[in-house]
Protein chains: 2
Amino acid sequence: MTNSIEQKIIHHVLDAIADQKLHAGTKLGEQELVGVFSCSRAQIRRALAMLTGYGVIDLIPNKGAFVSTPSERESRHVFEARRAIEATICKNTVQNAKSPEIARLRAHLVEENAVTAQTSRAEVLRLSRRFHMILAEIGQNDVLGQYLEELTLRSSLILGCYGTQRSSLCATGEHEKIVEAIEGGDADLAAALLDHHLSHLENDVDFSARRGSATALASILDVAT
Amino acid sequence: MTNSIEQKIIHHVLDAIADQKLHAGTKLGEQELVGVFSCSRAQIRRALAMLTGYGVIDLIPNKGAFVSTPSERESRHVFEARRAIEATICKNTVQNAKSPEIARLRAHLVEENAVTAQTSRAEVLRLSRRFHMILAEIGQNDVLGQYLEELTLRSSLILGCYGTQRSSLCATGEHEKIVEAIEGGDADLAAALLDHHLSHLENDVDFSARRGSATALASILDVAT
DNA sequence: CATACAAAAATTGTTCACAATCTATGTACA
DNA sequence: TGTACATAGATTGTGAACAATTTTTGTATG
């Protein structure tokens with residue numbers, strides 16, 4: 001069970017979802033993927049089967065693989081799960097944050113602050129997401145880290161479907177405050193700020209108007225009925 | 001991508017792990033599985049690929065599929081993740097627990113109390129695990145429920161490897177106290193009791209003597225070196 | 001007796017062709 | 001015009017044959 005090519009496929013698909021290049025409802029045709037990755041169909045099928053576990057790809061019998069379209073219910077569950085998991089991660093982060101870890105966080109904030117109007121949306125998304133993953137890495141719980149990776153992926157999908165403004169990207173100011181709390185060793189404050197930050201994210205979604213399941217053509221042509 | 005047979009395979013493998021019939025390190029040969037489920041090898045391979053996501057099966061290239069042997073580090077992460085996740089689940093459970101839900105919990109406790117010396121170990125394990133899953137169902141967060149399912153599975157593996165006594169099975173008395181707290185509407189107490197309960201589980205493992213990676217033959221023949 | 005090497009068996013990985021199913025297009029009819 | 005049906009095309013599902021790798025077994029040698 002060779003891992004290299006399948007892992008590569010998985011990685012690329014996941015990255016595309018995180019960057020919102022692949023949006024909800026998109027079909028991932030086997031033939032198409034064979035062309036992109038220039039490999040056999042069997043390998044594509046294995047990769048798709050493995051992708052199931054991340055909760056962002058649905059396999060529908062005789063139809064194919066589709067990027068998941070999260071429901072409102074599911075979205076709320078995802079955000080609640082993030083609050084539960086990131087709270088514990090945050091406590092661990094504070095506990096493990098010595099000067100090298102603090103330096104790493106500060107370096108990341110510098111990157112986030114360097115974002116300009118010219119920066120691609122994908123890059124901004126990647127930075128926002130990365131902040132949370134760095135906290136998880138410093139927290140050192142691999143299981144929670146893996147779950148958070150899945151949840152941030154699903155968050156990208158949700159914000160891609162229902163996000164209202166570009167504030168859906170994590171506000172850098174909030175990240176900064178969290179780092180300060182971590183640096184100050186105040187675990188409770190850091191956790192509270194993080195919880196608040198996640199609430200902001202969740203409040204930015206508007207389930208009344210989903211642009212997720214819209215056909216690519218319809219949204220591109222922008223035809224008013 | 002037909003789901004039925006693959007799902008059946010996945011379900012059976014997962015159940016066997018939960019019941020500790022399949023223990024850590026066991027190889028799941030493709031041919032062997034073909035014989036058991038009387039299906040084609042392609043379906044077995046798909047099922048194994050999907051099983052990867054549950055964190056209890058490792059796929060090693062050119063070697064095959066093996067039931068994971070959790071490390072000490074990983075085990076601690078699993079228990080910490082359970083505390084994080086079940087705390088939130090517990091709060092939701094208290095919030096959603098009306099009389100039908102309470103009745104369901106009580107009915108389960110009756111089942112657990114009916115356990116005798118003749119009851120099979122697998123059955124006892126299933127009941128213990130089921131209690132936590134019922135809490136998750138009442139809590140109604142599907143994402144957390146899915147994660148808890150994985151984590152209880154991994155817990156079975158851990159206890160199978162490093163568990164010291166049969167107290168590794170959830171003490172029924174503790175389940176009972178938790179239900180009482182839920183019935184009383186005291187979310188904080190229920191969460192605290194659950195956290196305590198999980199600590200008991202974790203304290204029952206002894207990492208110095210692993211019987212997990214022991215060869216099947218060696219443990220069966222019980223040869224003293 | 002232990003080790004090293006070589007052949008054989010078993011297991012996993014890969015590819016291909018064919019079957020089954022779904023989707024889309026076109027045509028007939030009310 | 002619009003609906004229903006039938007055909008054609010495309011896509012997914014399945015199985016078997018073949019290649020590559022690993023594991024086991026057997027043998028020879030120090």
Side-chain angles (χ1 to χ4, degrees), chain A residues 1-13 22 24-54 56-69 213-218 220-221 223 225, chain B residues 1-13 16 22 24-54 56-69 213-221 223 225:
Chain A
M1 310 192 169
T2 179
N3 253 339
S4 66
I5 186 67
E6 282 89 343
Q7 289 301 333
K8 181 182 168 189
I9 298 169
I10 290 173
H11 189 263
H12 275 251
V13 170
L22 269 179
T26 305
K27 173 167 184 177
L28 301 175
E30 298 186 359
Q31 204 82 313
E32 189 186 352
L33 291 172
V34 165
V36 173
F37 293 99
S38 53
C39 62
S40 76
R41 248 186 63 195
Q43 293 169 317
I44 294 292
R45 296 184 123 244
R46 272 180 68 77
L48 289 176
M50 293 192 197
L51 275 168
T52 297
Y54 289 86
V56 288
I57 298 288
D58 294 328
L59 259 51
I60 303 176
N62 291 317
K63 295 260 193 159
F66 299 84
V67 179
S68 302
T69 302
S213 59
T215 311
L217 264 186
I220 290 171
L221 299 180
V223 184
T225 57
Chain B
M1 312 195 169
T2 175
N3 253 339
S4 65
I5 186 67
E6 281 89 342
Q7 289 302 331
K8 181 183 169 189
I9 297 169
I10 291 173
H11 189 263
H12 276 250
V13 170
L22 269 179
T26 306
K27 174 168 183 177
L28 301 175
E30 298 185 358
Q31 203 83 313
E32 189 187 351
L33 292 171
V34 165
V36 173
F37 293 100
S38 53
C39 61
S40 77
R41 248 188 39 172
Q43 293 168 316
I44 295 291
R45 298 185 120 244
R46 271 180 70 76
L48 289 176
M50 293 192 196
L51 275 168
T52 296
Y54 288 86
V56 289
I57 299 287
D58 295 328
L59 259 51
I60 302 177
N62 290 318
K63 295 261 193 157
F66 299 83
V67 178
S68 302
T69 301
S213 58
T215 310
L217 262 185
S219 64
I220 290 171
L221 299 180
V223 184
T225 56

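Residue numbering restarts at 1 for every chain, and letters A, B, ... go by the order of the sequence lines. A quick note: this is a predicted structure, and the numbers were derived from the prediction, not measured.
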For nucleotides 20-23 of chain D, tabulate all protein N/O to nucleotide N/O atom pairs closer than 3.5 Å, reporting atom names and distance.
residue, atom, partner, partner atom, Å
dT23(D), OP1, K63(B), NZ, 2.6

Worksheet item: Sub-3.5 Å donor-acceptor pair from the side chain of K27(A) to the main-chain atoms of V67(A), do we have one?
Response: no
Worksheet, complete the sentence: Paired with I57(B), the side chain to side chain contact (heavy atoms under 4.5 Å, CB included) test is passed by just one of L22(B), I10(B), L28(B), namely L28(B)
Taking only N/O atoms, report every protein-nucleotides 15-18 of chain C pair under 3.5 Å with atom names and distance.
residue, atom, partner, partner atom, Å
dT15(C), OP2, S40(A), OG, 2.9

Worksheet entry | For atom CG of L33(A) and atom P of dT11(D), their distance in whole Å | 12 Å
Response to the item:
Across all chains, not counting sequence neighbours, the side-chain contact (heavy atoms from CB on, under 4.5 Å) partners of H12(A) are K8(A), F37(A)
Discussion item. Under the rule for side chain to side chain donor-acceptor pair (under 3.5 Å), what residues qualify as partners of S68(A), not counting sequence neighbours?
Written reply: D58(A)
Practice prompt. Taking all non-hydrogen atoms of both residues into account, name the closest pair between M50(B) and A49(A) and its distance.
Written response: CG-O, 3.7 Å
Fill in: For T52(B), all residues meeting side-chain contact (heavy atoms from CB on, under 4.5 Å), sequence neighbours excluded
L59(B)
Worksheet, complete the sentence: Rounded to whole Å, the NZ-C1' distance (K27(A) to dA24(C)) equals 13 Å
Worksheet item: Could you state the CZ-C1' distance from F66(B) to dT11(C), rounded to the nearest angstrom?
Response: 10 Å
Worksheet, complete the sentence: Atom CD of E32(A) and atom C1' of dA10(D) are separated, to the nearest Å, by 13 Å
Practice prompt. Using whole Å, report how far CD1 of I44(A) lies from P of dT12(D).
Written response: 11 Å
Worksheet entry | Value in whole Å for how far the P atom of dT23(C) lies from CD of Q31(A) | 17 Å
Discussion item. Could you tell me how far apart R45(B) (CZ) and dT14(D) (P) are, to the nearest whole angstrom?
Written reply: 15 Å
Discussion item. Assess the residue pair I9(B) and C39(B) against the criterion (side-chain contact (heavy atoms from CB on, under 4.5 Å)); give the C-alpha distance rounded to whole Å, side-chain angles, the decisive distance to 0.1 Å, and a yes or no.
Written reply: CA-CA 10 Å; I9(B) 297 169; C39(B) 61; 4.1 Å; yes
Item to complete: Let me know the distance between CD of E30(A) and P of dC22(C), rounded to the nearest Å.
Response: 15 Å
Practice prompt. Could you list the residues that satisfy side-chain contact (heavy atoms from CB on, under 4.5 Å) with V34(A), not counting sequence neighbours?
Written response: R41(A), I44(A)
Fill in: CG-CZ distance between L48(A) and R46(B), expressed to the nearest 0.5 angstrom
8.0 Å
